[in-house]
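Report on one structure; see the data block that follows.
Since this is a predicted model, take the numbers as computed values, not measurements. Start at 1 and go down the list; that is how both ligands and their atoms are numbered.
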Amino acid sequence: MGTEQDINHQMKVVTGDSGYVLEDVPHLADYIPDLPTYPNPLRSNPAYSVVKQYFVDMDDTVPQKVVVHKDGPRGVHFRRAGPRQKVGIIVSEEYYWDSLMSYYGFAKIVTSLRQVYFDSDEVHACIVTCGGLCPGLNTVIREIVCGLFHMYGVTQVIGIDGGYRGFYSKNTIPLTPKVVNDIHKRGGTILGTSRGGHDTMKIVDSIQDRGINQVYIIGGDGTQKGAAVIYEECRRRGLKVVIAGIPKTIDNDIPVIDRSFGFDTAVEEAQRAINAAHVEAESAENGLGVVKLMGRYSGFIAMYATLASRDVDCCLIPESPFYLGGEGGLFEYVEKRLKENGHMVIVIAEGAGQELLSQFLQSTNEQDASGNRVLQDVGLWISQSIKDYFKQRKIAMTLKYIDPTYMIRAIPSNAADNVYCTLLAQSCVHGAMAGFTGYTSGLVNGRQTYIPFNRINERQNKVVITDRMWARLLSSTNQPSFLGPKDIIEVRKEEQPPNRLLDGENGKDDKPGN
Ligand SMILES: Nc1ncnc2c1ncn2[C@@H]1O[C@H](COP(=O)(O)OP(=O)(O)OP(=O)(O)O)[C@@H](O)[C@H]1O
Ligand SMILES: O=P(O)(O)OC[C@H]1O[C@](O)(CO)[C@@H](O)[C@@H]1O
Ligand SMILES: [Mg+2]
């Protein structure tokens with residue numbers, strides 16, 4: 001593999017035959033010469049030692065796009081996550097162990113040098129959670145702690161209290177398998193979280209002063225940007241410190257990965273609110289239920305919750321502009337629907353219609369501590385606007401507005417997300433022990449991978465309304481697209497260039513069933 005290598009701090013690009021590209025992640029050995037390696041403790045772990053395929057091959061990579069043309073390029077790949085093996089190198093200790101295994105009937109299953117770049121006793125790991133809450137945070141914390149303890153014999157793990165600012169303003173929290181044993185059953189994060197307070201120098205000073213050498217950073221797009229600058233600073237100081245990210249966002253707005261943990265739980269929990277809205281609407285004459293769901297810039301929760309529920313007549317998301325009055329507008333559609341069915345449910349993402357809203361309400365330009373725009377309550381506004389419209393038309397109707405946003409975010413993760421969190425955490429730990437750094441652990445096309453920070457941070461994942469997933473939603477709700485000719489021109493302008501590989505970036509359109 002690899003005819004050309006171009007190394008920048010956050011990404012190593014390796015190219016191969018037929019348009020193969022590996023967007024690799026940095027390694028401690030890239031900037032620290034002569035790093036010692038150690039036999040991987042997993043060799044003697046009953047779960048891993050006997051079955052060779054549990055170790056991933058050093059050259060295993062995962063394609064970003066799996067739908068391709070016969071003559072198309074192989075495209076971008078990411079390094080496959082997992083415990084590593086290096087085939088073909090035999091040192092005496094390993095050889096002795098292999099021979100012993102063969103003698104006891106395990107045949108020639110292990111002929112490799114399995115390396116880690118940390119001695120178990122040397123590891124001093126810390127975990128920090130930043131940004132908004134998301135189901136599954138505690139599961140990830142639990143599995144990092146248990147993975148380090150049980151797989152690699154690491155006993156020094158601490159939690160940073162209350163997000164990035166906790167590095168320099170608070171005491172740390174000791175973490176052991178006993179402490180984290182049943183935290184996955186609780187919502188929130190036992191470590192606390194915060195927005196703002198990212199002071200790179202103070203954070204890296206704290207890492208250095210405390211002798212921390214593995215930093216696990218769980219958070220959304222802002223957090224991963226923060227992690228990238230911490231990595232850069234550690235590298236600049238030549239520190240043997242792994243900076244590893246785990247993507248967390250209920251909005252599912254992180255690019256490249258299949259989905260973020262907690263998203264599945266959020267969509268499932270949203271069903272309860274939609275169901276309540278439907279029951280209320282159905283029980284009243286001209287009943288209308290409005291449900292607001294999270295999604296600051298991306299309407300994934302609203303889109304998937306709508307598709308899952310079948311009770312929703314209209315889904316409004318930030319990516320799809322809409323208008324209220326006139327022909328083809330929302331009011332006309334609501335009136336028509338109520339006439340036909342006697343009831344109706346609208347799901348609206350919190351970031352939808354913000355431009356429209358600012359025409360009616362005074363814009364506040366308020367920002368949170370991280371610099372994110374504080375949104376006005378679009379659910380409340382749209383509910384009032386619809387009520388006013390019907391009042392004006394002298395048509396009786398009943399509207400119930402449900403805002404379950406924080407309730408959805410605060411629950412523990414469901415079974416599927418718990419499994420997902422476990423895999424993410426374990427993959428992240430394997431990567432750190434193998435000496436990789438400057439990476440986010442993420443699922444790409446169903447495989448665990450290590451993704452360089454700059455790929456994660458280059459843009460936000462959004463619903464692409466010209467992709468098939470949004471078309472499926474429109475045909476399920478039968479709502480108007482609300483797009484006028486001008487909007488269509490704007491949307492098309494934002495479309496990917498025609499030579500992109502076939503599968504849509506956004507909708508993960510190549511997933512089974514799509
Ligand atoms: N560009 C950046 N550089 C350094 N740090 C950042 C940057 N953007 C955000 N951060 C820090 O990352 C942390 C979390 O950011 P933010 O509040 O935006 O949440 P997030 O990680 O995007 O999660 P979510 O949006 O899902 O709630 C904050 O402490 C913030 O100061
Ligand atoms: O936690 P806060 O500051 O209220 O922010 C809420 C925001 O956090 C998120 O849950 C995640 O970014 C958004 O969906 C929502 O807009
Ligand atoms: Mg964010």
Quick check: closest heavy atoms across [X] and [Y], and the distance to 0.1 Å?
X: G188; Y: L137; answer: O-CB, 3.5 Å
X: I160; Y: G166; answer: CG2-C, 3.5 Å
X: R195; Y: S370; answer: CB-OG, 3.1 Å

Item to complete: Please work out whether any backbone atom (N, CA, C, O) or any side-chain heavy atom from C-beta onward of D368 is under 4.0 Å from ligand 1, and answer side chain, backbone, both or neither.
Response: neither
Shortest protein heavy-atom distance from [atom], along with the residue and atom involved:
atom: atom 16 (O) of ligand 2; value: E350 OE2, 2.6 Å
atom: atom 12 (O) of ligand 2; value: R296 NH2, 3.3 Å
atom: atom 4 (C) of ligand 1; value: G226 CA, 3.5 Å
atom: atom 10 (N) of ligand 1; value: G222 O, 3.3 Å
atom: atom 27 (O) of ligand 1; value: G132 N, 2.7 Å
atom: atom 5 (O) of ligand 2; value: R195 NH2, 3.1 Å
atom: atom 19 (O) of ligand 1; value: R195 NH1, 3.2 Å
atom: atom 6 (C) of ligand 2; value: R409 NH1, 3.5 Å
atom: atom 29 (O) of ligand 1; value: G196 O, 2.7 Å
atom: atom 11 (C) of ligand 2; value: D251 OD2, 3.8 Å

Practice prompt. Any chance you could measure Y389, atom OH, to L330, atom CG, to the nearest 0.5 Å?
Written response: 10.0 Å
Worksheet item: Rounded to the nearest 0.5 Å, how far does CG of N138 lie from OG1 of T189?
Response: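 One finds 5.5 Å between OG1 of T189 and CG of N138.
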Worksheet item: What residue among Q448, R447, R80 forms side chain to side chain contact (heavy atoms under 4.5 Å, CB included) with S427?
Response: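 The option that passes is Q448.
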Discussion item. Yes or no: does I250 have any heavy atom under 4.0 Å from an atom of ligand 2?
Written reply: yes
Decide whether [X] and [Y] meet the rule of one side-chain donor and one side-chain acceptor closer than 3.5 Å.
X: S298; Y: D251; answer: no
X: D221; Y: Y297; answer: no
X: D388; Y: Q384; answer: yes

Worksheet item: D368 to ligand 2: N or O pair under 3.5 Å?
Response: no
Is it true that [X] and [Y] make a salt bridge, defined as a side-chain N closer than 4.0 Å to a carboxylate O?
X: E233; Y: R237; answer: yes
X: D30; Y: K12; answer: yes
X: K462; Y: D467; answer: no
X: R272; Y: E269; answer: yes

Discussion item. Would you call the rings of Y117 and H27 parallel, tilted or perpendicular, taking 30° and 60° as the class edges?
Written reply: perpendicular
Item to complete: Please work out whether the ring planes of Y164 and F167 are parallel, tilted or perpendicular, with thresholds of 30° and 60°.
Response: parallel
Using a strict 4.0 Å cut-off to heavy atoms of [X], name the atoms of ligand 2 that fall inside it.
X: M294; answer: 10 (O), 14 (O)
X: G295; answer: 14 (O)
X: Y406; answer: 2 (P), 4 (O), 6 (C)

Under a 4.0 angstrom heavy-atom cut-off, which atoms of ligand 1 come close to [X]?
X: T249; answer: 26 (O)
X: G220; answer: 20 (P), 21 (O), 22 (O), 23 (O)
X: K225; answer: 1 (N), 2 (C)
X: N372; answer: 16 (P), 17 (O), 18 (O)

Worksheet item: Looking at ligand 1, does K248 have a heavy atom less than 4.0 Å from it?
Response: yes
Worksheet item: For ligand 1, is there an N or O atom under 3.5 Å from any N or O atom of C130?
Response: no
Fill in: T223, V128, D221, V229: member with heavy atom nearest to atom 25 (O) of ligand 1
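Shortest heavy-atom distance from atom 25 (O) of ligand 1: D221.
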Discussion item. As a check for students: among S370, G162, G163, identify the option with a heavy atom nearest to atom 30 (C) of ligand 1.
Written reply: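 Ranked by closest heavy atom to atom 30 (C) of ligand 1, first place is S370.
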Item to complete: Step through it carefully: locate the ring centre of Y152, locate the ring centre of F118, and say whether they are under 6.0 Å apart.
Response: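 No, ring centres 6.0 Å or more apart.
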Worksheet item: How many protein atoms of type N/O/S are positioned less than 2.8 Å from the Mg ion (ligand 3)?
Response: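 Considering protein N, O and S only, the Mg ion (ligand 3) has 1 within range.
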Worksheet item: Can the positive tip of R259 be found less than 6.0 Å from the middle of the six-membered ring of Y304, inside 45° of the ring normal?
Response: no
Sequence neighbours left out, cut at 3.5 Å: what donor-acceptor pairs do the side chains of residues 309-318 make with other protein atoms?
unit_1, atom_1, unit_2, atom_2, d
S309, OG, D311, N, 2.9
R310, NE, L307, O, 3.3
D311, OD2, H278, ND1, 3.3
D313, OD1, R337, NE, 3.0
D313, OD1, R337, NH2, 3.2
D313, OD2, V345, N, 2.8

